[in-house]
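The sequence lines fix the lettering, A, B, ..., with proteins before strands; numbering per chain opens at 1.
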Amino acid sequence: MVTRFAPSPTGYLHIGGARTALFNWLYARGRGGKFLLRIEDTDRERSTPEATAAILQGLTWLGLDWDGEAVSQFARKDRHAEVAHQMLARGTAYKCFATAAEIEAYREAERARGASYPIFRSPWRDADPATHPDAPYAIRMKAPRTGETVIDDAVQGRVVVRNDQLDDMIVLRSDGTPVYMLAVVVDDHDMGVTHVIRGDDHLNNAARQQMVYDAMGWPVPVWAHIPLIHGPDGKKLSKRHGATAVGDYQAQGYPAAGMRNYLTRLGWAHGDAEFFTSEEAMGWFDLTGIGRAPARLDFRKLEHICGLHIAATPDAALLQDIEAYLAAANRPALTPDQRALLDRGLYCLKDRAKTYPELLEKAHFLLAARPIVPEPAAAAALDPVSRGILKNLTPQLQSASWSRDELESILTQAAAEAGLGFGKLAAPLRAALAGRTATPSVYDMMLVIGRNETIARLEDAAA
RNA sequence: GGCCCGUUCGUCUAUCGGUUAGGACACCAGGUUUUCAACCUGGGAAGAGGGGUUCGACUCCCCUACGGGCUGCCA
C-alpha cells in the first residue's frame, strides 16, 4: 500500500497539514507500505522555493520521513497534458472554445432566469469537430450528467453526489497547463497511491476526481477524508490563534515526539490510550478510528503530553533535541562546559519541564556562570539572617563527602540549629545557587555543580 | 442559493441498541512536599432541539438549529 502527503508550497507547513501528513505516515509505516511526498506547485504565482523548503524542514523536524524524492507536480505537466489528450482520444473529454467572457455571460443569463448558482454547460460538449474554430481551447471532462457518483469513504462513509450537481470541469487550460483536479489524479495513479488520506475540504472534489479515474479506466484509491483542525475557539485555524505553522512549535520548544503524540490523538483514538510513542501508534493506527468532527487545538493538553515525552526521553537523545531547539529558536548554542553540565543535570530537570525553554530556565543553575545574579523574587530570600546561615554553612561543606546523604544531614541539621524548617533554608540556598525560585532540588543542584562551585556561590551570596 | 460533511463533560475522546455514559487535559478540594514540575485521593462536569423506529436509544431514520466544506481556465 502507498500513501502520500501533497502540500502546496504557498506558505509554511500548517499544523493541520502536519496532522494529515502524520496520519498518512502512521498508516503507511504501520503497514509496511510507502509514504510519498509530492509538492503541488502547479500554481506558479503562489508557489515559492522557500515554502517548499519550510515544508520539508517541518516534516523533517516532526520525524515524518518520506520514501524517495519529493515529486514536483509542476515538473510532470507534460504527463498531465498527455493524459488530458488521452481522455480526448477516448471520448471522455472534449475541446471547449468558450472564453471566460462567454462563460460569465452564460452565468449572468442563467441568473437572470432565476438560477442561484448556475452550472456552466458548454455548447461544445457534443459539437461536431468540423465546426471547431481555429482558436485556443480548454479540455473539459465529459462528465456524466445523470445518475450519481458514490464515494466510499473510509472515514465519512458512503457519500453520494448527484451528477447533475457537477459541471464538466476543465482538465487542461487553454494555455495547455493542467488543472489541479487532473494533476492529482494522474500523479496519484502514476505514483501508485492506494490510499488517499487528506482533509475533508477535498471530499466534494473526490467525486470529480473519481470521474477522471473512471474516464481513464484506472482503479480508484481508498478515500479517507479527515476533518480539519480548528482553533481553541472552534473557528477555522488562522494566525489569530497564535501558532499555526509547525515551525512555530519547533521554535517554542515543543518536543517532536510530543507533537506527534498529541496530533495523533487529535481526531483519532485507540480506546483510552493517551500517552504513546509513534511506534505504538503505528501498530494501532487505522482509518476507522478517525473521528468525523473537527477537533480543536488544546495547548494545555499538548504541553502535558510534551512534558511526559521529555521526561521519558533518554538523556543523550534529549540533549541532542535541546541543542536542535536552540539552533531552531536562534538561541546561543551550548558551550562545551555547559553541555557537559547539562548532560550531568538532565536527570533532575527532565521531569519538571513541559517544553525545552522551561527546562532550560530550570537549568539556569548549571548554565549560568558566577556571579549568580538573583532574580528579584529569588533575591527576596537572601535577607541578612539567611546570608549569615549560608556563611556558617561553608566550613561544613568544605569537609563534606559530597554525597547526597551527607549533604542532606548537614543541611537539615543547619536548619534545625537555626530553628527553621527546611523550606526556610532551601529558599536562600536556591537563590544563591540558581538565582531563581523554580529549580531542581537544592541537593541535586549541589551535586551537579560540585563542591567548589557550590561554596563559591554561597560565599558570593553571603558577602 | 445548491450540494456535501459534522454535533457525547470547557477541550480531546470511549461507547459500535441494554453501561451508575468510561478515560485524558483543564478546573475545584484535600494529601505529599524544599521551590517548580510530578505524584496520590476525592469532586463538579456531557449525548444541540424536536419527532419517529424499537421492549429498550448517545447509538438507526427524518426534520430543525448551529458549525464546517465545496460550488474557478486556485490548489
Side-chain angles (χ1 to χ4, degrees), chain A residues 6-10 40-43 45-47 73 96 98-100 103 111 114-120 136-140 151 153 155-157 159-162 164-167 169-175 177 179-181 183-184 199-208 225 227-228 230 232 234-236 262 265-275 288 291-305 307-308 311 349-354 358-359 361-362 377-378 381 411 415 421-427 429-431 434 436-443:
Chain A
S8 67
T10 53
E40 310 228 306
D41 50 0
T42 54
D43 184 340
E45 300 286 296
R46 298 193 300 150
S47 297
Q73 187 162 67
C96 176
T99 63
I103 295 170
R111 260 191 285 266
S116 56
Y117 197 92
I119 290 172
F120 179 62
Y137 59 86
I139 297 182
R140 299 189 97 107
I151 297 300
D153 196 280
V155 173
Q156 306 290 342
V159 178
V160 180
V161 178
R162 283 197 358 237
D164 60 13
Q165 295 293 324
L166 272 20
D167 64 356
M169 71 166 174
I170 287 176
V171 290
L172 201 70
R173 300 189 184 93
S174 52
D175 65 359
T177 60
V179 131
Y180 163 75
M181 291 284 195
V184 234
D200 69 3
D201 48 336
H202 288 283
L203 181 55
N204 285 286
N205 293 338
R208 325 178 75 168
H225 289 93
L228 271 12
H230 286 175
K235 299 290 185 194
K236 202 177 157 185
Y262 176 73
R265 193 61 189 63
L266 196 59
W268 175 84
H270 177 72
D272 288 339
E274 296 283 354
F275 173 57
T288 55
R292 282 134 329 266
R296 304 182 191 199
L297 238 27
D298 179 353
F299 292 97
R300 308 307 294 264
K301 188 158 183 176
L302 201 214
E303 285 176 2
H304 178 259
I305 291 289
L308 298 180
L349 289 161
K350 62 196 216 175
D351 56 358
R352 347 174 79 90
K354 295 172 171 175
E358 187 185 356
L359 186 152
E361 172 59 21
K362 286 179 175 172
L411 293 184
F422 183 68
K424 292 292 182 194
L425 176 57
L429 273 170
R430 183 168 290 110
R436 295 287 186 273
T437 54
T439 74
S441 134
V442 293
Y443 303 121

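Across B/A26, B/A37, B/C4, the shortest atom-to-atom separation from the side chain of A/Lys362 is found for B/A37. Relative to the side chain of A/Ile103, the nucleotides B/U13, B/C73, B/A37 differ in distance, and B/C73 lies closest.
In this structure, A/Arg46 reaches the bases: a heavy-atom distance under 4.0 Å links it to at least one base atom across the strands shown. In this structure, A/Pro440 reaches the bases: a heavy-atom distance under 4.0 Å links it to at least one base atom across the strands shown. Note on A/Ser8: only backbone sugar-phosphate atoms sit closer than 4.0 angstrom, heavy atoms only; bases stay farther off. Heavy atoms of A/Glu40 sit under 4.0 angstrom from primed sugar atoms or phosphate atoms, though from no base atom. When heavy atoms are screened at a 4.0 angstrom cut-off, A/Val160 is found touching the sugar-phosphate backbone but no base atom. Within the 4.0 angstrom heavy-atom criterion, base atoms lie near A/Tyr443. In this structure, A/Arg430 reaches the bases: a heavy-atom distance under 4.0 Å links it to at least one base atom across the strands shown. As judged by a 4.0 angstrom heavy-atom cut-off over every strand, A/Val442 is placed among the base-contacting residues. Backbone-only contact: A/Gly267 has heavy atoms under 4.0 Å from sugar-phosphate atoms and none from a base. No engagement by A/Ala431 is indicated, since no non-hydrogen atom pair under 4.0 Å with the nucleic acid exists.
Atoms CG (A/Leu172) and C1' (B/C73) sit 10 Å apart, rounded to a whole Å. We find that NZ of A/Lys301 is positioned 7 Å from P of B/C25, with the value rounded to whole Å. Protein atom NE2 of A/His270 is 16 Å distant from nucleotide atom C1' of B/G22, rounded to whole Å. Whole-Å rounding puts the A/Leu266 CG to B/A24 C1' distance at 13 Å. In this structure, A/Arg292 atom CZ and B/U13 atom C1' are separated by 11 Å, rounded to whole Å. Rounding to whole angstrom units, CG of residue A/Leu297 and P of B/A26 are separated by 16 Å. Atom pair A/Glu303:CD and B/C36:P shows a separation of 17 Å (rounding to whole Å applied). Here the P atom of nucleotide B/A38 and the CZ atom of A/Phe275 are 13 Å apart, to the nearest Å.
Side-chain atoms of A/Arg296 and base atoms of B/U11 include no donor and acceptor less than 3.5 Å apart. For B/C36, the base has no donor-acceptor partner in the side chain of A/Thr439 [N/O atoms by modelled type, under 3.5 angstrom]. Between the base of B/C3 and the side chain of A/Arg162 there is no donor-acceptor pair shorter than 3.5 Å.
Salt bridge absent: A/Asp175 and A/Arg173 never bring a charged side-chain N and a carboxylate O closer than 4.0 Å.
B/U11 and B/A24 make up a base pair, with Watson-Crick or G-U wobble contacts both under 3.5 Å. The pairing partner recorded for B/C60 is B/G52, the criterion being a Watson-Crick or G-U wobble arrangement whose two distances lie under 3.5 angstrom. Nucleotide B/C16 is matched to nothing when pairs are restricted to Watson-Crick or G-U wobble geometry with both distances under 3.5 angstrom. Across all strands shown, nothing is found opposite B/A37 as a Watson-Crick or G-U wobble partner with both distances under 3.5 Å. Look at B/C70: its Watson-Crick or wobble partner, with both distances under 3.5 angstrom, is B/G2.
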- Take nucleotides 63-71 of chain B nucleotide by nucleotide from the 5' end and write B, S or -, depending on whether a protein heavy atom sits under 4.0 Å from the base, only from the sugar-phosphate, or from neither. -----SBSS
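Between A/Arg265 and B/A24 there is no side-chain polar atom (N or O) within less than 4.0 angstrom of OP1 or OP2. The phosphate of B/A38 has OP1 or OP2 within less than 4.0 Å of a side-chain N or O from A/Lys354. Residue A/Thr42 places at least one side-chain N or O under 4.0 Å from the OP1 or OP2 atom of B/A75.
Only the P atoms considered, B/U71 is 46 Å distant from B/C28, to the nearest whole Å. Here, B/A14 and B/A37 have their C1' atoms 29 Å apart, quoted to the whole Å.
Rounding to the nearest 0.5 Å gives a distance of 14.0 Å between CD1 of A/Ile305 and CZ of A/Arg300. Between atom CG of residue A/Asp200 and atom CZ of residue A/Arg292 there is a gap of 12.0 Å, rounded to the nearest 0.5 Å. With rounding to the nearest 0.5 angstrom, the CG atom of A/Asp164 is 7.0 Å from the CD1 atom of A/Ile119. Atoms OH and NE2, from A/Tyr180 and A/His202 in turn, are 4.0 Å apart once rounded to the nearest 0.5 Å.
RNA chain B is contacted by both A/His304 and A/Arg173; A/His304 maps to the nucleotide lying nearer its 5′ end (nearest heavy atom per residue). In this structure, A/Ile305 and A/Ala426 both approach RNA chain B, and ranking their closest nucleotides by distance from the 5' end singles out A/Ile305.
Counting non-hydrogen atoms of other residues, nucleotides and ligands closer than 6.0 Å to CZ of A/Arg162 gives a total of 12 or fewer.
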- Message: The test is side chain to side chain contact (heavy atoms under 4.5 Å, CB included); show your working for A/Leu228 and A/Asp201 and say whether it passes.
- Response: CA-CA 8 Å; A/Leu228 271 12; A/Asp201 48 336; 4.0 Å; yes
